[in-house]
Amino acid sequence: MNGGLNGLPAVTASLRASGPAAAMTLLVVLGILWSGAFQSLNGALYDRAMRTLDRQPERNVVIVEADGGDGGAPEWTALTEALLSSGASRVAFDFVPDGPVGSGVEGSPDVIVGLPATRGSGGGWRMADAPDHLVEGVLFAAAVLPPAQYGVHRTQHLTVPLADTVIPSLEAAAAGMTIADSASRPAFYVRFPGGADGVARVSASDVMAGRVPPALIENRVALVGRSGATGLTTPIDPWELSVDLLEFRAFAVQTLLSGRVPWQLPPALATAFAVAAILIGAALYGSVGPRHSVVAAAAVTSGLLVAGLLALGAGGAVLPVGELILSQVMLSLVIWRRQEAGQDAELARITRTIEAEAGEPEQPDLRGVATLLGVQRMLVAEPGDEGRLREVAQLDLALHDLPEPLRSSRNPAFDRMESDSVSTAAEGEDLRVVPLLREGRRVGYWFMRPAAGESLATRTTLIETLAASLAVLPGGSPERGGGADKPVDRALRAGLGALRLRLDMLQLVLDRGSAAASVRDLFGREVLASARFRELVEAAGAAASATDPVDLVRSLTGVGADRAAALLRFAIVEGRRVSVPANALRPQRMALRIAPLPVSSGTGLLFELADLAEAARSANARRLLAEQVDFLLRNDLEAVTLAASLAARPDLSQDRREKVLARLEDAVARAKARLSVLGESPVSNVVAEDDDIFPVDLVETLTRLAAEGVADEAEDLVIHVPAIMPPVLAPPRALEDLLRSVLRYLRDRGTPGAPLRIGLREGNATASVEAETEGMGISEFRLAAYLAGDREPESPELRTIFAAAELVPAWGGTFEASIPPVGRQRLVLTLKKLG
Amino acid sequence: MNGNRILIVDDDEILRDLLAMHLEIEGYDVLAAPDGQEALALLGREPVDLVLLDLMMPVMDGVRFIEALSEAPHRPAVVVLSAAGHGERERSLKQAGARFVIRKPIEPAELLRCVGSALAHGA
């Protein structure tokens, strides 16, 4: 139920987005529907459906071939009598007999004669007059040619409107339908069960001679006529086989008698169907997205075909399947195109954003790279037109500064270069060239001119790492062998690189639990920085995004530029993290950690500002654990020493010796069990998560919180804690938050003058903090609402307390609160002791 | 049997038993309590010459026991057995009335020497 309600806004949004497409489709489909343009298609679908559904012939009509029909009046009467006496339910003449047909049965409504009816040039119907010899005792009906849909005859009239009356068609009258039965629908679809041999056929002479078994006539309508008069194309086989009009009439009568009459859906209902299908399609295609809209359209189209078959088979309704299918195809195409256009626009927008964020990719700043490497003149070039190199980025070194042969991208010297190593240029001792590779293909060259006397021999790894970064700059696509691509492609590629760095950075930050971190590429551009990092950098007096890596390190740590560059080089070349005290942030105790990002291209540096107070907290937890382990093992060792000493005494009695040995075994088993439990402590982990459980000095924590002033506004604070107590196990920060909230809550709720009492009690395996005061609590109504989660406490302290109540069991402890509306407010936190 | 009565106050049952056996073999009369509170109750009923006291115990720890003992009319000598470190705490314990503060694990001979010395000098 909920899911359905939740999905409604999505459907509404999808419909709203697809609205114009749906409206356009609806107009087109209704136009086709009302114009009948798809009659042929729908007819073909009907033919196919008929052949599929109606395979078994039905036995309720017999065709009587009127052979010898020119033999005079007595013969028709005799034929009629023979047919009726053989049990025919009705006798219908498809022609106007030239003599009486009802001798002896005059006035019987079971004899029908079809009078030819034709449509005049004005559109009105005219029916031939009945001859005098037939006026008595015969029911006249209109024998009309069935209408054709593009040459195929599938329907027949039920009634024919004359100038002053409406008369049933021969088929309707033969089926026993009255005008009242036929009035609501002027035409019906004819079914052809059994195909060309679907109707039994006998000759009039055989009937009159008694050669036809009565079973072939009994309870059937006998349709008397002359075959071969008119050949009609029908759904039986629209391409080859035609049936004569007599047989068509027989199928039509048979259809009406069967009770399964296919009717054309009335226009209003067909329109409603089309609207519904379009609305459903619009909601569906709008929500599945372009990738799946074709599949969805195919599924809906198949569904419509099945629905058409079912409607025909079960309800006898002929749906406008062609129009409905067209609506889905058209709708899905329009929406797909619209979605694609939307995606193109979004891609263009992202590209513009990337271009804006990535800056000008054609003119990257090489100063960061130069500072890291200690080379102040460099140039990045890519193959350009006519075998010449083209400048991509430069720092105090231009293409025209290079020897002429090196300005040609077809210089054979380039081909001889190792693809992944630094090479010395053929000309100029102080010029170095590094090929820039992307996806294994050469996309450009990096020229460097070190200062005189400076050697780069020891910086090979750094150069290779920087070259991997610089390879993003040339526009040459490796797939196209170095041809230039569009600036937007370059921006997109640079942006994708930046996105990859962002993802790596996010992963690292998540892994480390760090909150103050930033990633920069080796050009010095900031890829991502957390708000906390920016805040700290600005606190150090530097602009977080404007400084290059060397400046960043300098401004945070206070070291010189050379030292900062050396630290960065170490991180890049050694692939290891470097930590430096962030002296600029004093008095905060923080360290700047610099680490290369572990991505394949090695194109980024992660800067973290780590809170040493956190590290100190972790170290304190380790110290507490060590002290407790020392304490417990000293007890165990004491027991072992005493037991061993006793066991060695010769004057020890046998029963005492046995008792000593039993105690010795107990002591050893206990020591082993303790070591096993302590080995599982998370304290040994370098990285501490907020919910990791550590040994916490509860006495120190409570004393410190009281001293911090969380309870100093109470009129009287009574703290009762033991001088020494083993640590308890809890997440340090969460425990501190909880205790702080408990003390503040009691302070705020205490009546003036009521003392706030805090006690620490040690049990055998646990330690409890008990805090209480006299004051105002919470009404039962509000407490019930808080506990049921119907509302949240207004006070942050109470929120923390309620949240902690759910967390404490996970720490292995319990938390009890007694906060009546008025009276003693008491909160008791019990935690496991270490060891 | 040398006639002196020693009260062992320690929450560790194994240690309590082993200490008691050592002292009993040497002829001392030994009583035992698992925490400071029970020890104080016992001292109210039984005369004791020396208390062999552990520091870290539930209900009432060794420090509070010594503080409470300082107000008693008859104060036995106190020897503290501590697994915790020496230093500031040892000095404060001695100021509060502890004759010896011995860090665990102790040699039985050293224990007996301290006990003998403390009994010789009284509270």
Side-chain angles (χ1 to χ4, degrees), chain A residues 623-624 626-653 655-671 674 699 720-727 760-768 830 833-835, chain B residues 8 10-27 30 34-38 52-68 80-90 92-93 95-96 98 101-112:
Chain A
R623 181 184 59 75
L624 280 171
E627 282 179 2
Q628 189 64 8
V629 169
D630 178 73
F631 168 79
L632 294 170
L633 289 182
R634 278 179 186 280
N635 263 358
D636 294 334
L637 193 56
E638 172 73 3
V640 172
T641 307
L642 287 173
S645 167
L646 277 171
R649 291 183 73 127
D651 56 343
L652 197 68
S653 64
D655 60 332
R656 273 194 163 155
R657 187 178 301 280
E658 285 173 5
K659 195 176 174 186
V660 166
L661 290 175
R663 284 312 198 186
L664 182 60
E665 278 182 18
D666 291 344
V668 171
R670 189 175 64 182
R674 279 173 175 163
V699 176
H720 182 81
V721 294
I724 48 173
M725 204 179 81
L760 198 51
R761 186 185 298 274
E762 185 183 355
N764 284 331
T766 59
S768 300
T830 303
K833 288 193 303 187
L834 177 62
Chain B
I8 302 171
D10 198 322
D11 62 326
D12 187 328
E13 189 187 346
I14 298 174
L15 272 182
R16 233 172 31 225
D17 280 359
L18 291 167
L19 282 169
M21 273 193 269
H22 261 288
L23 294 170
E24 282 168 357
I25 288 170
E26 294 301 322
V30 180
D35 58 60
Q37 199 164 303
E38 278 199 28
L52 206 52
L53 179 68
D54 184 28
L55 276 186
M56 200 175 283
M57 293 177 294
V59 185
M60 178 185 276
D61 61 45
V63 176
R64 290 199 183 285
F65 174 80
I66 291 178
E67 286 170 0
V80 172
L81 301 176
S82 172
H86 286 225
E88 193 61 36
R89 177 163 291 161
E90 182 178 345
S92 62
L93 286 168
Q95 281 171 4
V101 178
I102 309 170
R103 194 165 189 217
K104 296 175 183 176
I106 55 172
E107 285 296 323
E110 171 73 0
L111 171 71
L112 293 173

Original post:
Side chains of B/V80 and B/I66: closer than 4.5 Å at any heavy-atom pair?
Top reply: yes
Original post:
Any donor and acceptor pair, going by atom type alone, linking the side chain of A/R761 with main-chain N or O of A/S768 inside 3.5 Å?
Top reply: no
Original post:
Is it the side chain or the backbone of B/D17 that comes within 4.5 Å of chain A heavy atoms, both, or neither?
Top reply: side chain
Original post:
When rounded to the nearest 0.5 angstrom, what is the spacing between CZ in B/F65 and CG in B/D35?
Top reply: 10.0 Å
**OP:** Check each atom of B/L81 against the heavy atoms of chain A and say whether the ones under 4.5 Å are side chain, backbone, both or neither.
**Re:** neither
Subject >> Side chain, backbone, both or neither of A/R663 within contact of chain B (heavy atoms, under 4.5 Å) >> reply: both
Subject >> Test side chain to side chain contact (heavy atoms under 4.5 Å, CB included) applied to B/L112 and B/L23, step by step >> reply: CA-CA 8 Å; B/L112 293 173; B/L23 294 170; 3.8 Å; yes
